[in-house]
Number of protein chains: 2
Amino acid sequence: MKHGATAERILDAAQRLVQSRGFNGFSYADIAEELGLRKASLHYHFESKDVLGRALMARYRERFRAALAAIEGATSDARERLRRYAKLYLSVLRNEDRMCLCGMLAADFTTLARPVRDEVRRFFDDNEAWLARVLETGRKAGRLAFKGPAAAEAVMLVSGLEGAMLVARSTRGARRFEETARRLLASVGA
Amino acid sequence: MKHGATAERILDAAQRLVQSRGFNGFSYADIAEELGLRKASLHYHFESKDVLGRALMARYRERFRAALAAIEGATSDARERLRRYAKLYLSVLRNEDRMCLCGMLAADFTTLARPVRDEVRRFFDDNEAWLARVLETGRKAGRLAFKGPAAAEAVMLVSGLEGAMLVARSTRGARRFEETARRLLASVGA
DNA sequence: GTCTATAAGATGATAGAC
DNA sequence: GTCTATCATCTTATAGAC
């Protein structure tokens, strides 16, 4: 929990493992081997696996938040913002067929410690809130078209993208993901 | 692998555990305790966890296949078929907040034995093929409206429904799932 | 078919030397 | 900060009695 360079490397390894194998699909031994350290050393940086999980999610949320801010800074067009948002997911999937960290933890949800669960919920809340704003603004500007509350549409987009990642991993296809993402965006007029 | 009544009970317990905790989130001890048996006894019915996993998926695929056949027998209207298809997912989620067995195994995919992976792939293939037929038939009958190949639209529906289940479990809401499913179906005119 | 007993290894975690 | 040593517990799995 000191958060030096080693802690960061531990988080990197752990995140990769969670994204490809799930929270219960790896151990401290896996991380230690990858970094050339001993298991005991990891406990100095993250006293327990729960603490590690929470740190993982906190960092992921912060990075995602920054990525969303970058999108807002890059373009003010709603369609383009949605396209870039979908690309965020695609780049994760293309990186060694990884699942979204948060989608993976959503699957492992019932086995997670409270603080980790809370982080997972917050991730989805943040994402949906951001998307809802983009959707509503885009609709008012006449750039997007959909019925009903923007919040509900945001939930559908997040669900669709997470599900597309999930399925794509077992049917081997970033290709399939792209096509599905395209269709999802098309359904809101983007 | 003898498949008597006990084997069936083991599968029931194992399926429930996988659907709520993931394939790496439970052990033979959990099943044994639930059934009032000893761990060793389970190995008589399913020699290894991999074999158990495969049996689990085989049964699930068969049941799903039967459920799809039942839908076809109940109505010939494409919209109604899609509605019932979505209800299949909803009933799983409503049952103790479970995830689709196959969606959960898609998350655990990289940790699964080959035969289990193959079953997972087949599940998605079967589902998408069935949906594509319903979609195409419905479009020709003027009951559904969507652009592009029915197969691509089928992938989107499966992805959307699986993702909606995944997210709903962490944000506690069969309610949310229903709303999302409704919107997904609406996007194909149902 | 189910049990006891047992194995061999993994797992998350701690104490204390360096 | 990282190490060795050690821990209690869990995990999948097998052998053999009943």
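Both backbone and side-chain heavy atoms feed into the values below; hydrogens, waters and symmetry mates do not. Order of the sequence lines sets the chain letters (A, B, ...), proteins ahead of strands, with each chain counted from 1.
- Rounded to a whole Å, the OH atom of Tyr44(B) is 10 Å from the C1' atom of dT2(C).
- Under 4.0 angstrom from either OP1 or OP2 of dG1(C) there lies no side-chain N or O belonging to Ser41(B).
- Around the CZ atom of Arg117(A), the shell of radius 6.0 Å holds more than 12 heavy atoms that belong to other residues, nucleotides or ligands.
- Few gaps surround CD on Glu8(A); more than 12 heavy atoms of other groups in view lie less than 6.0 Å from it.
- The side chain to side chain contact (heavy atoms under 4.5 Å, CB included) test applied to Ser48(B) returns Asp50(B), Val51(B), not counting sequence neighbours.
- As rounded to whole Å, 13 Å separates atom C1' of dA10(C) from atom CG of Asn24(B).
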*Where along nucleotides 11-18 of chain C does protein come under 4.0 Å, by heavy atom, of base (B) or sugar-phosphate alone (S), with - for untouched nucleotides?*
BBBBB---

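- Rounded to an integer number of Å, the gap from CZ of Arg9(A) to P of dG1(D) is 13 Å.
- OP1 and OP2 of dG1(C) both lie 4.0 Å or more from every side-chain N or O belonging to Thr6(B).
- Partners of Asp12(B) according to the salt bridge (charged side-chain N to carboxylate O under 4.0 Å, His left out) rule, which considers only residues two or more places apart in sequence or in another chain, are Arg59(B).
- In this structure Glu178(A) satisfies the side chain to side chain contact (heavy atoms under 4.5 Å, CB included) test together with Leu90(A), Arg94(A), sequence neighbours excluded.
- Judged as a side chain to side chain contact (heavy atoms under 4.5 Å, CB included), and not counting sequence neighbours, the contacts of Asp30(B) are Leu17(B), Phe26(B), Ser27(B).
- In this structure, the side chain of Thr110(B) engages the main chain of Ser20(A) through a donor-acceptor pair within 3.5 Å.
- Taking five base pairs at each end of the helix from dG1(C)-dC18(D) to dC18(C)-dG1(D) and finding the rotation axis that steps the C1' atoms of four pairs onto the next four gives two axes whose angle is 10°, to the nearest 10°.
- Between Phe64(B) and Phe123(B), the two ring planes are perpendicular [angle over 60°; tilted spans 30° to 60°].
- At whole-Å resolution of the value, CD in Glu33(A) and P in dC3(D) are 14 Å apart.
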